[in-house]
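Before any comments, here is the structure.
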Amino acid sequence: MMDAHDTNQPLNQGELEEEKKTVEVSEPITETPTEEVTAEVQPEAALKPATKEDVLNRLKELAQDAENANKQEIDNLKQSFYKLHNTELEVAKKQFTDNGGAVEDFVAQEDPIEEEFKRLMGVIKDRRSKLVAEQERQKEENLQVKLSIIEELKELVESGDDANKSYTEFKKLQQQWNETKLVPQGKVNELWKNYQLYVEKFYDLLKLNNEFREYDFKKNLEIKMHLCEAAEKLADEEDVVSAFHQLQKLHQEFRDTGPVTKELRDEIWNRFKAASTAVNRRHQQHFEALKETEQHNLDQKTVICEIVEAIEYNELKTFSAWENKTQEVIALQNKWKTIGFAPQKMNVKIFERFRHACDDFFKKKGEFFKSLKEGMNENLEKKKALCEKAEALKDSTDWKTTADALTKLQKEWKTIGPVSKKHSDAVWKRFISACDYFFEQKNKATSSQRSVEIENMEKKKALIEKLSAIDENMDTEEANTLVRDLMKEWNAIGHVPFKEKDRLYKQYHGIIDQLFDRFNISASNKKLSNFRSNISNIQGGGSQSLYREREKLMRTYENMKNELQTYENNLGFLTSTSKKGSSLLTELNRKVDKLKADLELVLQKIKVIDESIKTEE
């Protein structure tokens, strides 16, 4: 840079000619103007706030320095707040509809947190608007200052006065130019070109001595070398957005610094330009990657919307079917929460689409349960009528006729659909109590069967002796056939005295277990065989005991069936691409296979009971 203390020293003719040859100060205009950054920079999304209070606390912090707050962060906080707010509304709406309320009657309560949120957003918006207005006003003032500087430079050039004498004034104008910063973006290049034009003209008139210019060039070179090094270091800056902003400041300093010698001018500019290109390329790649991620998020959310929209409502005809589908929708809602933002122009639209699909699902669910509740009330009245009929028959001593009538009532009971849980146990207890009372009285009146039971006991003892006598060297197939024949014979024998029942049962099954283990008869056949043997014990309590056992097995069957469906649904959400995922998939498949086998065994047991009931009739 030049010092002002030599500006009034005259230059000889040789020095003037040499100065005329060497003075050339025009610098290339940078590709990215630094007066005002035009790229819309979207910073990395901050960690998502966990609650609306977290959003509010962060907004309060930003409101303290709203002029410097990041617009993208404010937008992200707004999206996060209303995402949390809408989730709370959905929970409240679901609770309202689950309690029997109609969706159209739901009214959201006033939220004081939302009011405070709106107030803070208004404060920030007002302060930022004032800042923008102030910046625009300052830019217009700076524009007028720079225009006046150009006019003064023009007067210096065109005045015809000794340029050496005007040098101090020239340097003051240069300093004033460098200290005056932002101007309207559209005026940046035009202002710079005019300023550069008159600076070059002044230097042409100045004709400084070579020694003084070399000193100025050397200082400028040192500054620009430092700026090149600083720009090159930005290529390793972890925060690419921050690096981009720092680069803009370096561009401004580079342009404000005076010229270097002509032979180094292109070299130093190309070095600085190469460093700038590396930073700009990383900045561009960063936002391209961000756009790609947001597009991927949009694709995932679109698929989730399509899954909910594709639900076949006409296939959801039972309570369990709706509950299973509800769990799937909730799982999709939880999955949605783990996915980041979609592109800004689509983020609200895709959320509205998903919310509409979920609202439609829960609305239809509410309508189904409303109709189901009405049906359950009708079923309750039907079952109460059966209770009254059973209670009217329980004291009858017409054993055969009454037993047939109660059996028919029990069959009719099975044809009636479910009632609400709060009434199901009470109405069932009322009905079965009346039936049990009658059959207990009937059993007391038919004690003459004891002699038959003693005879049956002797038959079963003889069968136990035959089973015990089976030789372990017998052919496996022959042994299996013999064991099954003896088991069928055992099952065909009627009741035994009650006090001998458990002892004979344990003795019989102990021998059967040994034979099954010895000849490797399947576990399912063993369980079914044990159940067949136990039927006689169940029948000892009367035909109502068979009905109770069948009801219990049907409930077991429905529970296992729902559990199987849940496992199969979960299989659809798993992938075997990872070692952990593959292990979990294998375990679930094993459980599914076991449940299917258990379901088949329960069905076989129900079939055995139905056969026994039919035989009694």
Side-chain angles (χ1 to χ4, degrees), residues 1-2 25-42 65-72 125-158 166-203 220 223-224 226-228 230-231 234 241-260 265 268-269 272-273 275-277 279-280 283:
M1 302 293 292
M2 299 184 185
V25 298
S26 174
E27 288 288 336
I29 295 177
T30 58
E31 294 177 346
T32 306
T34 57
E35 296 290 338
E36 184 173 314
V37 179
T38 58
E40 182 180 354
V41 179
Q42 299 178 353
D65 188 18
E67 294 82 0
N68 296 317
N70 185 281
K71 183 178 183 302
Q72 184 62 42
K125 182 179 179 181
D126 182 60
R127 291 181 180 176
R128 289 176 65 85
S129 296
K130 291 179 180 177
L131 174 64
V132 171
E134 175 60 24
Q135 288 176 341
E136 293 302 319
R137 186 195 64 76
Q138 187 62 52
K139 287 179 183 180
E140 289 296 332
E141 286 186 4
N142 292 344
L143 174 61
Q144 297 305 317
V145 171
K146 288 198 171 187
L147 287 173
S148 68
I149 291 173
I150 291 173
E151 286 299 317
E152 291 186 50
L153 284 174
K154 182 177 179 182
E155 290 177 9
L156 286 179
V157 170
E158 297 176 354
S166 305
Y167 183 74
T168 301
E169 181 63 20
F170 171 75
K171 296 303 288 184
K172 288 181 181 179
L173 291 174
Q174 272 193 319
Q175 182 179 355
Q176 187 181 1
W177 176 275
N178 292 335
E179 290 173 351
T180 306
K181 300 300 181 183
L182 297 178
V183 299
Q185 181 65 25
K187 301 293 184 178
V188 172
N189 284 331
E190 180 182 356
L191 277 175
W192 177 254
K193 288 178 182 178
N194 290 333
Y195 171 75
Q196 191 77 345
L197 172 66
Y198 290 105
V199 167
E200 289 175 356
K201 287 184 176 181
F202 183 84
Y203 272 110
N220 292 341
I223 295 172
K224 291 193 173 183
H226 174 72
L227 293 174
C228 287
L234 290 179
V241 177
S242 174
F244 179 80
H245 285 300
Q246 293 179 57
L247 178 65
Q248 310 315 305
K249 295 179 181 179
L250 294 179
H251 267 279
Q252 183 64 44
E253 292 182 44
F254 196 94
R255 294 171 63 178
D256 291 342
T257 304
V260 300
R265 198 165 298 159
I268 197 69
W269 166 244
F272 186 73
K273 182 179 179 182
S276 300
T277 300
V279 175
N280 287 330
H283 183 259

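In this text the structure is predicted, and so the values were computed from the model without any measurement. Counting from 1, the numbers follow the sequence of the chain as shown.
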Worksheet entry | Interatomic spacing from CG in Leu227 to CD in Gln252 - rounded to 0.5 Å | 11.0 Å

Practice prompt. Decide yes or no for Phe170 and Tyr198: does some side-chain heavy atom of the first lie under 4.5 Å from some side-chain heavy atom of the second?
Written response: no

Item to complete: Could you pull out the closest heavy-atom pair between Lys181 and Asn178, with the gap in Å?
Response: NZ-O, 3.0 Å

Practice prompt. For residues Lys224 and Ile268, report the shortest heavy-atom separation together with the two atoms involved.
Written response: CB-CG1, 3.9 Å

Fill in: Atom pair CG/CG of Asn189 and Asn194 - distance to nearest 0.5 Å
11.0 Å

Fill in: Exercise: identify the closest heavy-atom pair between Arg265 and Val260
NH2-O, 2.7 Å

Fill in: Salt bridge present between Glu190 and Lys193 (N-O < 4.0 angstrom)
no

Worksheet entry | N/O donor-acceptor pair under 3.5 Å between Asn142 side chain and Thr180 backbone | no

Worksheet entry | Side chain to side chain, His251 and Leu247, heavy atoms closer than 4.5 Å | yes

Worksheet item: Angle class for the Phe272/Phe254 ring planes (parallel below 30°, perpendicular above 60°, tilted otherwise)?
Response: parallel

Discussion item. Which residues pass the salt bridge (charged side-chain N to carboxylate O under 4.0 Å, His left out) test with Glu141, not counting sequence neighbours?
Written reply: Arg137

Worksheet item: Atom CD1 in Ile149, atom CD in Gln176: separation rounded to 0.5 Å?
Response: 4.0 Å

Discussion item. I need the Leu173 CG to Thr168 OG1 distance, nearest 0.5 Å.
Written reply: 11.0 Å

Item to complete: Could you pull out all residues at least two apart from Ala230 that satisfy side-chain contact (heavy atoms from CB on, under 4.5 Å)?
Response: Leu250

Item to complete: Measure across Ile150 and Tyr195 and return the closest heavy-atom pair with its distance rounded to 0.1 Å.
Response: CD1-N, 4.0 Å

Worksheet item: If you take all heavy atoms of Cys228 and Ala275, which pair is closest and at what distance?
Response: O-CB, 4.5 Å

Practice prompt. Search all heavy atoms of Val241 against all heavy atoms of His283 and return the closest pair with its distance.
Written response: CA-CD2, 4.4 Å

Practice prompt. Answer with yes or no whether the side chains of Gln175 and Lys172 bring together a donor and an acceptor at under 3.5 Å.
Written response: no

Fill in: Check: Gln248 side chain, Phe244 main-chain N or O, donor-acceptor pair, under 3.5 Å
yes

Worksheet item: Between CZ of Arg128 and NZ of Lys125, what distance do you get to the nearest 0.5 Å?
Response: 11.5 Å

